[in-house]
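Take a look at the structure set out below.
The sequence lines fix the lettering, A, B, ..., with proteins before strands; numbering per chain opens at 1. The basis for the numbers below is simple: all heavy atoms, side chains too, and nothing from hydrogens, waters or symmetry mates. All figures in this text were calculated on a predicted structure; none of them were measured in a lab.
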2 protein chains.
Amino acid sequence: MSTIKQTRWLTRDEKQCWVVFVQLLTVALSRLESQMQADSGISHYEYGVMARLSEAPRRTVVLSQLADMSNGSLSRLSHAMRRLERHDWVRRSPCASDGRLTEATLTDAGMAKVTESAPGHVRMVRSLVFDALTPEQSAQLRDISLAILNHDRSKTAD
Amino acid sequence: MSTIKQTRWLTRDEKQCWVVFVQLLTVALSRLESQMQADSGISHYEYGVMARLSEAPRRTVVLSQLADMSNGSLSRLSHAMRRLERHDWVRRSPCASDGRLTEATLTDAGMAKVTESAPGHVRMVRSLVFDALTPEQSAQLRDISLAILNHDRSKTAD
DNA sequence: AAGAATAACTTGAACAGTCAAGTGATTGGA
DNA sequence: TCCAATCACTTGACTGTTCAAGTTATTCTT
């Protein structure tokens, strides 16, 4: 008996679903990116980083945690922090209790930037997603997203 | 009366949905990218371009159409074509009927590359999405994707 | 039948993301 | 207790994407 499994291709229904979903992935990210860049001059990722900080106690989060919350690598965050620091929107400081850790803090100027950028962002999110869906579909989308993410995590878990 | 509309923020349910959906966007694209890069040494976008060509009559598509089918700008495609041409996976040729158009054709080597890359790609798609969802959810995801994309197109339409 | 406007690309500069290597700080064995 | 392994982060080189500008071809307009 052979150990080489033959590929189980997608069914017609699955392929149909996949094609539109992939398109959704690219279109959604591209719309978010364009809106943020055009209206606020920052990337959607940078907005996300500052938004996470704005919601945190003392507007402060350890970098490695912040990287997770922002759905990106630590390296990506490190580069982004350098850019945000140049605008004085964030500050880095070493953590007292553990010398390996660095804390990121959102400055007042950074908070102001988030506050002024949020309305345009929310408008885009609403007009892109929630204006297009029924409340039932929003709930389905949440469940579907969670199902995929949880299933992915259980596979990736070492 | 003021012309400044105050922002309609997201409800708790909407925000909950949005957070997981954004995470899904990034995780899904990142998994697709990693798999294709690791197993075949090409980007997910480049695979998509060649896959579209492989399904087309005469394995040939006009560049501007190919750019649309691949969910990217013409500029992005142009740069990608240069890379793919270096491997002799695709060929460019001027269109006889309209001098502005350029046709892209998948070579035999390109077809072989797609054929050898497809199984790993399909395995990733299946394990990421369809193994995590019920058939009902797959159908819902298709409908949701279409709803968002159609609603977006109707807005964007000039 | 020109000339203007549009369309289909190409190109190069600027910039963001990834990957691999490097630096300190801390933990965990032997 | 000390040395190795691990962790948290930084940095620089490389590569891909975007944006604006340029080129050539075609289609309108009058």
Could you identify which residues of [range] place a heavy atom less than 4.0 Å from some atom of DNA chain C, listed by residue number, or say none?
{"range": "residues 33-40 of chain A", "answer": "none"}
{"range": "residues 18-30 of chain B", "answer": "none"}
{"range": "residues 94-105 of chain B", "answer": "B/Arg100, B/Leu101, B/Thr102"}

- [ ] Just call it for A/Leu74: base, sugar-phosphate, or nothing, with non-hydrogen atoms closer than 4.0 Å on any strand.
- [x]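 Base, at least one base heavy atom under 4.0 Å.
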Listed partners of [X] passing side chain to side chain donor-acceptor pair (under 3.5 Å), at least two apart:
{"X": "B/Arg12", "result": "none"}
{"X": "B/Asp88", "result": "none"}
{"X": "A/Gln6", "result": "none"}
{"X": "B/Arg52", "result": "B/Glu55"}

- [ ] Decide yes or no for B/Glu46 and B/Met36: does some side-chain heavy atom of the first lie under 4.5 Å from some side-chain heavy atom of the second?
- [x]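 When only atoms from C-beta onward are counted, B/Met36 and B/Glu46 do not touch, as no gap falls below 4.5 Å.
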Open item on the list: Side chains of B/Leu10 and A/Val122, heavy atoms from C-beta outward: is any pair under 4.5 Å?
Closed with: yes
- [ ] Considering only heavy atoms of chain A and a distance under 4.0 Å, specify the first and last nucleotide of DNA chain D in 5' to 3' order that meet this criterion.
- [x] D/dC7 to D/dG12
Task: SB check A/Arg91 A/Glu103 (cutoff 4.0 Å) - done: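 No, no charged N to carboxylate O under 4.0 Å.
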TODO: For a side chain to side chain contact (heavy atoms under 4.5 Å, CB included) with B/Arg59, tell me which candidate from B/Asp108, B/Thr107, B/Val90 qualifies.
DONE: B/Asp108
- [ ] Determine, for B/Phe21 and A/Arg142, whether the Lys NZ or Arg CZ falls below 6.0 Å from the six-membered ring centre while staying within 45 degrees of the axis.
- [x] no
Open item on the list: Can you tell me how far apart NZ (A/Lys155) and CG (A/Asn150) are? Round to the nearest 0.5 Å.
Closed with: 12.0 Å
TODO: Kindly compute the distance separating CG (B/Leu84) from CH2 (B/Trp89), expressed to the nearest 0.5 Å.
DONE: 7.0 Å
Only pairs under 3.5 Å count here: list side-chain donor-acceptor contacts from residues 111-118 of chain A, not counting sequence neighbours, and write none if there are none.
from     : atom 1 : to       : atom 2 : distance (Å)
A/Lys113 : NZ     : A/Ser40  : O      : 2.9
A/Thr115 : OG1    : A/Met111 : O      : 2.8
A/Ser117 : OG     : A/Ser40  : OG     : 3.2
A/Ser117 : OG     : A/Lys113 : O      : 2.7

- [ ] May I have all residue pairs that pass ring-ring contact (aromatic ring centres under 6.0 Å, His included) and include part of residues 98-119 of chain B, sequence neighbours excluded?
- [x] none
Task: Which atom of B/Cys17 lies closest to which atom of A/Phe130, heavy atoms considered - done: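 So the two residues come closest at SG-CE2, 4.0 Å.
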Open item on the list: How would you summarise protein contacts on nucleotides 12-18 of chain C per nucleotide, using B for base, S for sugar-phosphate only and - for none, with heavy-atom distances below 4.0 Å?
Closed with: B---SSB
Task: Partner residues of A/Arg92 under the side-chain contact (heavy atoms from CB on, under 4.5 Å) criterion, sequence neighbours left out - done: A/Leu63, A/Ser78, A/Met81, A/Arg82, A/Glu85, A/Thr102
